Structure formats: structure tokens, C-alpha cells
Amino acid sequence: QVQLVESGGNLVQPGGSLRLSCAASGFTLGYYAIGWFRQAPGKEREGVVCARSSDGSTVYADSVKGRFSISRDNAKNTVYLQMNSLQPDDTGVYYCATDLRSIVRCLVPDEYGYWGHGTQVTVSS
């Protein structure tokens with residue numbers, strides 16, 4: 001049974017940092033693409049960053065380039081999202097997602113069939 005559990009969300013001041021974790025079970029995370037998404041109140045879910053397993057490439061949304069980074073710990077079957085220089089616009093519920101098929105458009109939420117329940121990130125002074 002594929003499961004994803006996010007953690008690490010918190011309230012942080014503008015300019016601060018957070019590291020989110022996504023622990024996977026029921027499958028080997030390193031074999032599949034993984035994406036981080038976020039959803040702000042009243043807005044659609046948007047892709048933040050994704051990592052393909054086929055070639056190890058990563059794709060970042062323009063809004064987070066240079067501030068966010070994704071990494072995997074295959075031994076722990078966990079993927080991380082390091083977020084630096086956080087701004088109020090980064091506020092939202094952050095989700096990790098995966099799919100057991102090959103993913104082409106890896107920042108598109110509809111490509112993914114398995115989702116965690118999300119973790120809340122609030123950036124506010």
C-alpha cells in the first residue's frame with residue numbers, strides 16, 4: 001500500500017527557513033518520480049518542484065528557483081524540501097506526491113495518483 005506522510009510544516013517569519021519531509025512506505029521511493037506541491041487558500045494546487053527517477057533531473061517552479069531544493073535519502077525512503085528565504089506568498093499546505101507510472105509533466109498535479117495529507121506552512125511576521 002503506497003503511503004506518503006509529510007511533516008515539518010510550521011509558522012515561520014519572512015526570510016526564514018523550513019525543511020519539509022515526506023516519508024514513503026509501500027514502495028521504493030528512489031524508483032519513481034516525486035513532486036512537491038502547495039495549495040494556498042482560494043487557489044489551485046501548484047507544482048513547486050519535482051524529481052524524476054529516470055534521469056535524476058529536477059524541475060523547479062520559477063517562483064522558488066534559488067530558494068527551494070529537493071533531496072532524497074533512499075536509505076530512509078524519504079524526500080525532503082529545503083525552503084529558504086521564505087516569503088508570505090509561500091504560505092499554503094504542502095503536499096508530496098508520486099505515481100508508479102512514468103511521469104512526463106512532473107509539475108502537473110494531475111500526473112500523480114498518490115498524495116500525502118499535507119503539512120501547513122505559514123510565513124508571517
Side-chain angles (χ1 to χ4, degrees):
Q1 180 180 359
V2 174
Q3 284 192 323
L4 299 169
V5 179
E6 304 94 336
S7 61
N10 211 332
L11 170 65
V12 63
Q13 292 187 342
S17 297
L18 281 176
R19 189 178 79 156
L20 306 183
S21 300
C22 172
S25 60
F27 71 108
T28 301
L29 188 62
Y31 293 162
Y32 302 99
I34 190 81
W36 281 99
F37 297 81
R38 67 186 180 189
Q39 188 164 19
K43 295 187 176 180
E44 293 187 354
R45 193 170 297 187
E46 63 173 352
V48 175
V49 59
C50 57
R52 296 188 178 96
S53 61
S54 55
D55 59 3
S57 62
T58 55
V59 181
Y60 289 88
D62 288 343
S63 59
V64 306
K65 281 180 183 176
R67 301 188 298 123
F68 290 14
S69 64
I70 189 171
S71 61
R72 298 180 194 245
D73 184 334
N74 289 335
K76 294 182 178 180
N77 218 29
T78 298
V79 65
Y80 303 98
L81 179 65
Q82 178 66 43
M83 306 187 295
N84 300 324
S85 301
L86 284 161
Q87 299 301 318
D89 283 349
D90 296 315
T91 294
V93 179
Y94 282 69
Y95 302 88
C96 60
T98 192
D99 202 276
L100 304 186
R101 305 171 299 115
S102 178
I103 291 176
V104 177
R105 303 171 299 167
C106 71
L107 281 180
V108 176
D110 287 347
E111 292 281 306
Y112 294 80
Y114 298 96
W115 293 82
H117 291 296
T119 185
Q120 177 70 45
V121 172
T122 303
V123 185
S124 175
S125 54

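The basis for the numbers below is simple: all heavy atoms, side chains too, and nothing from hydrogens, waters or symmetry mates. Predicted, not measured: the structure shown is a model, and the values here were computed from it.
In this structure, the separation between CZ on Arg67 and CG on Leu86 is 6.5 Å, given to the nearest 0.5 Å. To the nearest 0.5 Å, atoms CD (Gln120) and OG1 (Thr91) are separated by 7.5 Å. How far OH of Tyr94 is from OG of Ser7: 15.0 Å, rounded to the nearest 0.5 Å. The CG atom of Asp89 sits 8.5 Å away from the OG atom of Ser63 when rounded to the nearest 0.5 Å. Atom CE of residue Met83 and atom CZ of residue Arg19 lie 11.5 Å apart, to the nearest 0.5 angstrom. Atom OG1 of Thr28 is separated from atom CG of Leu100 by 10.5 Å, given to the nearest 0.5 angstrom.
Using a distance-only test at 3.5 Å, with no hydrogens or angles considered, no donor-acceptor pair links the side chain of Gln39 to the main chain of Gly92. The main-chain N or O of Tyr31 is found under 3.5 Å from a side-chain atom of Ser53 such that the two form a donor-acceptor pair. A distance-only check finds a donor-acceptor pair linking the side chain of Glu6 to the backbone of Cys96 [under 3.5 Å]. With hydrogens and angles disregarded, no donor-acceptor distance shorter than 3.5 Å links the side chain of Arg45 to the backbone of Pro109. Of the possible polar contacts, one joining the Asp99 side chain to the Gly113 backbone as a donor-acceptor pair under 3.5 Å is found. Judged by distance alone, the side chain of Asn77 and the main-chain N or O of Gly26 form no donor-acceptor pair under 3.5 Å. Listed for the Thr98 side chain is a donor-acceptor partner under 3.5 Å among the backbone atoms of Ala33.
Val48 and Tyr60 end up in the same hydrophobic cluster when Ile, Leu, Val, Met, Phe, Trp and Tyr side chains are linked at under 4.5 Å. Under the 4.5 Å side-chain heavy-atom criterion for grouping Ile, Leu, Val, Met, Phe, Trp and Tyr, Val2 is connected to Tyr32 within one hydrophobic cluster. Using a 4.5 Å cut-off between side-chain heavy atoms of Ile, Leu, Val, Met, Phe, Trp and Tyr, with links allowed through other members, Trp36 and Leu107 fall into different hydrophobic clusters. Val79 is not connected to Val59 by any chain of hydrophobic side-chain contacts under 4.5 Å among Ile, Leu, Val, Met, Phe, Trp and Tyr, and they are in different clusters.
Under 4.0 Å is where a charged nitrogen must lie from a carboxylate oxygen, and between Arg38 and Asp90 at least one such pair does.
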Exercise. Apply side chain to side chain contact (heavy atoms under 4.5 Å, CB included) to the pair Phe68 and Val49, showing each step before the final yes or no.
Key: CA-CA 8 Å; Phe68 290 14; Val49 59; 5.7 Å; no
Exercise. Take Ser71 and Tyr80, measure what side chain to side chain contact (heavy atoms under 4.5 Å, CB included) needs, and give me the verdict at the end.
Key: CA-CA 5 Å; Ser71 61; Tyr80 303 98; 3.6 Å; yes
Quiz prompt | Leu18/Asn10 under side chain to side chain contact (heavy atoms under 4.5 Å, CB included): CA gap, chis, key distance, verdict | solution = CA-CA 8 Å; Leu18 281 176; Asn10 211 332; 3.9 Å; yes
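Listed by chain and number, the hydrophobic cluster partners of Trp115 are Phe37, Val93, Tyr95, Ile103, Tyr112, where partners are ILVMFWY side chains within reach of under 4.5 Å, directly or through others.
In plain terms, the two heavy atoms of Ser17 and Asn84 that are nearest each other are OG-OD1, 2.9 Å. Listed here is the closest heavy atom pair of Asn74 and Gly30: OD1-CA, 3.6 Å. The heavy-atom pair separating Glu111 from Arg105 by the smallest distance is OE2-NH2, 2.9 Å. Ala51 approaches Ile70 most closely through the heavy-atom pair CB-CD1, 4.0 Å. The two residues Ser21 and Thr78 make their nearest non-hydrogen contact at CB-CG2, 4.3 Å. Residues Gly47 and Ala61 come closest through the heavy atom pair O-CB, 3.4 Å.
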